[in-house]
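Reading through the structure tokens given below for one structure.
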Amino acid sequence: MAEQSNRKDESDELLKRADALLTRMRGAGTPAAGSAAREIPTLTEAAAAQGTDPGIPTLTEIVPAERLPSMPASTGEVISRVQAQNLEHTLYQRLKRDLDQQITQIVKERFMPDIGTALDAALAKISMDVKADINSMVRASIEETLRAQMKNLRKPVDTETAPQEAEAAAGGRASADPSPFAAALAKSYEPAAIEARWYSTWEKNGYFRAGLDESNPQCYCILLPPPNVTGTLHMGHAFQHTLMDALTRYHRMRGYNTLWQPGTDHAGIATQIVVERQLEAEGISRRALGRDAFVERVWRWKEESGSAITRQMRRLGASCDWARERFTMDEGLSAVVTEVFVRLHEQGLIYRGKRLVNWDPVLKSAVSDLEVESEEEDGTLWHIRYPLASGAAFLVVATTRPETMLGDVAVAVHPDDARYQAYVGKEVLLPLTGRRIPVIADDYVDPAFGSGCVKITPAHDFNDYQVGLRHRLEPWPIFTLDARLNDNAPAAYRGLDRYEAREKVLADLKDQGLIAQVVPHKLMVPRCGRTGAVVEPMLTDQWFVKMDSLAKAGLDAVARGEVRFVPENWTATYNDWLTRIQDWCISRQLWWGHRIPAWYDSEGNIFVARTKQEAQARHRQAMLERVRAGVRVTASDLRHDEDVLDTWFSSALWPFSTLGWPADNPALRMYLPSSVLVTGFDIIFFWVARMVMMTLPFTGKAPFREVYITGLVRDAEGQKMSKSKGNILDPLDIVDGIGPEALIEKRTASLMDPRQAEAIAAATRRQYPKGIPAFGTDALRFTFASLASHGRDVKFDLSRCDGYRNFCNKLWNATRFVLMNCAGSDTGIDEQLPVEPSVADRWIVSRLQRAEAEAQRAFREYRFDNLARAIYELTWDEYCDWYVELAKVQLAAGGEARSRATRRTLARVLETILRLAHPVIPFITEALWQKVAPLAGKHGPSVMLARYPEPQREKLDEAAEREIALLKDLTNACRTLRSEMNVAPSQKLPLLIQGDRGRLEAFAPYLVALARLAEVVIVEGPLPAAGAPVSIVGDYRLMLKIEVDTSAERERLHKERLRLEAEIAKAQAKLENRDFIGRAPPLIVAQEKERLARFAATLAKVNEQLQQLA
RNA sequence: GGGUGCUUAGCUCAGCUGGUAGAGCGUCGCCCUUACAAGGCGAAGGUCGGGAGUUCGAGACUCUCAGCACCCACCA
């Protein structure tokens, strides 16, 4: 089926037809329709008309006037390109929101009803998918309008051919009035506006397309773990997709051939269940509908909801090659599935047989071991007496599932168990059935548990099955496929459900006095991961893949290092599973999935073939041979196997089925093995290991070189996000924001258990009283990156998003600053002109080199947290906090060459930062790069096509780094001094510094500006004594020269001095008084002396302070 | 029962081959300084889960104990 690839064509086709219809109606169509249709403008007309044609609504009719940006009057005023871009951008943003709605509205209102209905249906059908196309139509229209507008607005000078002049003219105004360039970027960062604009541009221009240049030896490929086709994007996807997109964009920018292979999975069980529920809601049963109709129905559901997840991925900026999108049930991929099945069967690696499998009685299908999830539940251990056939004695067996006793074929004891040795080989009478069953001895029995006797039910227990095989006991199945008792059970129990049977068995045993003991017991209950039904081991005919040789190859591939896990410790998990693997049950008794390519004749012979024709041919061949051998045969038609394959069977083939295998082609040659698989640990077994095992034998190559295992995304409390817990977050709600009511509505809708709704609503209200603000895609992606450290689950905390949105805002504003100062000015693009880089310029370039090296290492090691940090710190802590501030000083004071160097550095470093950050935050970097790149001498349609910076070690300038470190220290020391001295922020003071005069003279202007000083006074020799504390930084001693108003302080100190002097005088007088000395006790005299000394000391301090203030 | 992680500031987490404990958010104080209040400057806050060992020196290495989380296998 080519539905996927046809979708876009279909949409285009519909649009075209709609357009054609419009044109016809507008033209010489039927008179009635013609007049009505004349009122409906094309988008271009709507945007361009502006009231020129009374028959066509103007822009303001479609969009309320107050929503339109003010347009300059058409008076021949000069408009700069930046202005025009800005105008276009704003206009586009505001229009975009309203237009498609408005158009639909107008169409509805003004079209004749019959056509209207048809078009309505068409619009409704395409509206979602076509949004992007409408966007580009709107864009095109607006571009057209603006071009027309600019013709009127522009001076005769053509800015296209003389951009320097035009920019210079605008730049000249910028110095006096920065508005043109401030306006070039909105005052603050608004993600929605940017994001809407760029994705379609990238996609339209084919930037995501796979590189197929075979002369380039560097190829980079990531396989998207195909999400469920009918699913929606959750936080785990968003997290992993962010990392994959960053990796893809990084390597694309490094010049690799790049492919991010997208696609979706048919997700057999999950999808079938969803559609079955829909049918139930309509009161239709799947079986009543019939297989073909049901499958048809699932396809329809897939068509309706199938693109939801890929639309969401686009919102996150995922740069997949959508043209190569695949679906596991596409014709091509289905053919690969059949081919692989047939080949494996030919090699004897697929077989069919009656085996004990995990059976879901609700789904009525086998499920694989992996799909069974055991959970501890409270149960009971019943001790039941089995009377010996020979006499009055009993053997007591313990069981948690008494109903299965009806299928018992033996009682087992441990061979060394002295208590029971006498009974081995004897028989017991199985209660309720009257069957006689043997007592056997087997190591499997744990004498310490229960009574030491185990009932053996081979047909419904995996361990018992093994015991049965060892002792050649015939299994005695007692359940039907929906877990009711079958005819092997005594008549009284037939038809009962397994739990009803349990009750009845227990009651009957009790009546017969055969229950010896009832003990509460915790046990693990195996449930199907999908339906939650308790799984019943069941003997059924199923298809299996023989795993031993495949597993061996899978283990070897990892051991040889062909596939490497990151972090490495997952290798152990992988190895452990593969060494203990059992044969893989691949048949499912479902309707939605790949039909097993096997046919049966009336005698039950199996013919595995690629097509029915092939199977028939083999059948005829076999019959001929038997006829020749003289066997009588009856002709019969072949019956197709009813079962479908496990979803994971087709997923296991993903690495080569998506690349056009088995046909040799460039993509297969270049992108297998793929570079890295990014996924969660939860599908190492389901998918990762199976891809390794299936890809190796069919292609001789590993499916991927590395497997990066991400953590799981949990909520802020560390809980797993799940619908039933009501703690799910939709990544797009973080991007776009959501109100509290809508969020609660979302979380409580379609709950399995509606009683939880209230608790969830309350918890949600508590946690998000105001809902979730819009953070934008970039902030979300940056957050994911920063949380992606190794070996840890991710507790998703919205406050981190907050921080990273602020980062985006910082980047935005830094760019505004650079544009204000550099746009229209000389940024040193002409290498002939003299430049005079300062130590600050050299420093920031050096820091940039370090950050680039760190980023490169982070990508190599999948340390996205370090990557995010490197970018964050460089941008904020170095570039914005320091370099930009230093640059202000240089621009204010420097000569022409120094200013040119400063602007050059400002622009070039920012431009590099934008490229550096682009893999993580693609949207904002693209928007800003468009403005910054020309200033840095770079040109190109997209930052995506610009090369990622290569770190160049030799450019590290440690001398400059030391100098700036010193300058930072000095600045901080000044700030400390100011705060210690309680100097008002507005107050400027001179700073006295003693130290290397040459350096200080270089630092002085920066210090004056950054530390808000009046001047820097360089002091030879020791610093003069003064009131301020002295700071020491390295070899430098510095102090503020306080010239603040100290009169109040002086007055206070003066008063204090007077008081002290008075006290001292009094004390001295006392001590000089002979009467006092003579009569007072010595202790008192000593005290008085102490007092005097204390006063004297305090007075000395006060005097010192006064002197300092003076 | 087997395995794998984790335990560092109020919260979320960094901390590479052992060498003076870090970031973001939150809190508090002062500033609406001409890119940015989604900002700037500053401050408080930690015997790095407990114990032992190796070492001149341990958040890091070894052992042990405890707690938390997850995976696998299971005793009927």
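Chain letters run A, B, ... following the sequence lines, proteins first and then strands; every chain starts at 1.
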Which value, in whole Å, describes the distance between the P atoms of nucleotides B/G5 and B/C61?
12 Å
Atom CZ of A/F681 and atom C1' of B/C6 are separated, to the nearest Å, by 14 Å
Measure from the side-chain heavy atoms of A/E885 and tell me the nearest of B/A76, B/A73, B/C36.
B/C36
Is the phosphate of B/C11, meaning OP1 or OP2, less than 4.0 Å from a side-chain N or O of A/K795?
no
Hey, is the side chain of A/T573 poking within less than 4.0 Å of OP1 or OP2 on B/U4, counting only N and O atoms?
no
Side chain of A/N806 (C-beta onward), nearest among B/C72, B/U33, B/G39
B/G39
Any side-chain N or O of A/H521 below 4.0 angstrom from OP1/OP2 of B/A76?
yes
Among B/G24, B/C70, B/A35, which nucleotide sits nearest the side chain of A/M820?
B/A35
On the nucleotide B/G40, are OP1 or OP2 found under 4.0 Å from the side-chain N or O atoms that A/W876 carries?
yes
Check this for me: does any side-chain nitrogen of one of A/R401 and A/E536 sit under 4.0 Å from a carboxylate oxygen of the other?
yes
Listed in order of residue number, which residues of residues 394-404 of chain A have a non-hydrogen atom at under 4.0 Å from RNA chain B?
A/A398, A/T399, A/T400
Just the rounded figure in Å: distance from C1' of B/C11 to CG of A/L798.
14 Å
Min side-chain heavy-atom separation A/P477-A/H460 under 4.5 Å
yes
Distance check needed: B/G39 P versus A/Y879 OH, whole Å only.
18 Å
Pair listing, salt bridge (charged side-chain N to carboxylate O under 4.0 Å, His left out) test, anchored in residues 880-890 of chain A, at least two apart:
A/E885-A/K888
Say you pick atom P in B/G46 and the same atom in B/G10; how far apart are they, in whole Å?
7 Å
Does the side chain of A/R800 get closer than 4.0 angstrom to OP1 or OP2 of B/A14 through an N or O atom?
no
Spell out, as yes or no, whether a donor-acceptor pair under 3.5 Å connects the side chain of A/R978 to the backbone of A/C974.
no
Any non-hydrogen side-chain atom of A/I772 less than 4.5 Å from a side-chain atom of A/L729?
yes
Convert the base pairs of RNA chain B into dot-bracket notation, remembering that pairs crossing earlier ones are written with [ ] and that bases paired across to another strand are shown as |; include only Watson-Crick or G-U pairs under 3.5 Å.
(((((((..((((.....[..)))).(((((.......))))).....(((((..]....))))))))))))....
Is it the case that more than 12 heavy atoms not belonging to A/E377 sit under 6.0 Å from its CD atom?
yes
Sole candidate of A/F686, A/W570, A/W687 that passes ring-ring contact (aromatic ring centres under 6.0 Å, His included) when paired with A/F681:
A/W570
Which whole-number value in Å describes the distance from A/I683 CD1 to B/C72 C1'?
18 Å
Could you state the CG-C1' distance from A/L886 to B/U33, rounded to the nearest angstrom?
16 Å
CD of A/E375: more than 12 outside heavy atoms within 6.0 angstrom?
no
Under 4.0 Å between a side-chain N/O of A/K931 and OP1 or OP2 of B/A35, yes or no?
no
Give me the distance, rounded to whole Å, that separates B/G53 from B/G18 when you measure between the C1' atoms they each carry.
15 Å
For A/Y423, look at atom OH and say whether over 12 heavy atoms of other residues, nucleotides or ligands are found less than 6.0 Å away.
no
Distance, P atom - from B/U20 to B/G26, rounded to whole angstrom
30 Å
Looking at B/A76, I'd like to know if its phosphate oxygens (OP1 or OP2) sit under 4.0 Å from a side-chain N or O belonging to A/K455.
no
Please confirm whether the shortest side-chain N or O distance from A/N972 to OP1 or OP2 of B/G42 is below 4.0 Å.
yes
Side chain of A/A814, heavy atoms from C-beta onward: which of B/A38, B/C13, B/A35 has the nearest atom to it?
B/A35
Do the ring planes of A/H790 and A/Y708 sit parallel (below 30°), tilted (30 to 60°) or perpendicular (above 60°)?
tilted
Between B/C11 (P) and A/F796 (CZ): distance, integer Å:
20 Å
Send over the distance from A/I709 CD1 to B/G5 C1', rounded to a whole Å.
14 Å
Using the ring of each side chain (for Trp, its six-membered ring), is A/Y862 parallel, tilted or perpendicular to A/F864, with breaks at 30° and 60°?
tilted
Rounding to an integer number of angstrom, what distance separates B/A23 and B/G45 when you compare their C1' atoms?
15 Å
Sugar-phosphate only, base, or nothing, as touched by A/H414 at under 4.0 Å among non-hydrogen atoms:
nothing
Give me the distance, rounded to whole Å, that separates B/A43 from B/A38 when you measure between the P atoms they each carry.
23 Å
N or O in side chain of A/N813 less than 4.0 angstrom from B/G39 OP1/OP2:
no
For A/Y804, which of A/Y872, A/F784, A/F775, A/Y189 qualifies under ring-ring contact (aromatic ring centres under 6.0 Å, His included)?
A/Y872
What interatomic distance, in whole Å, is found between P of B/A44 and the corresponding atom of B/A37?
28 Å
Nearest-Å distance once atom C1' is located in both B/A52 and B/A69:
27 Å
Using whole Å, what does the distance between atom P of nucleotide B/U4 and atom OH of A/Y574 come to?
19 Å
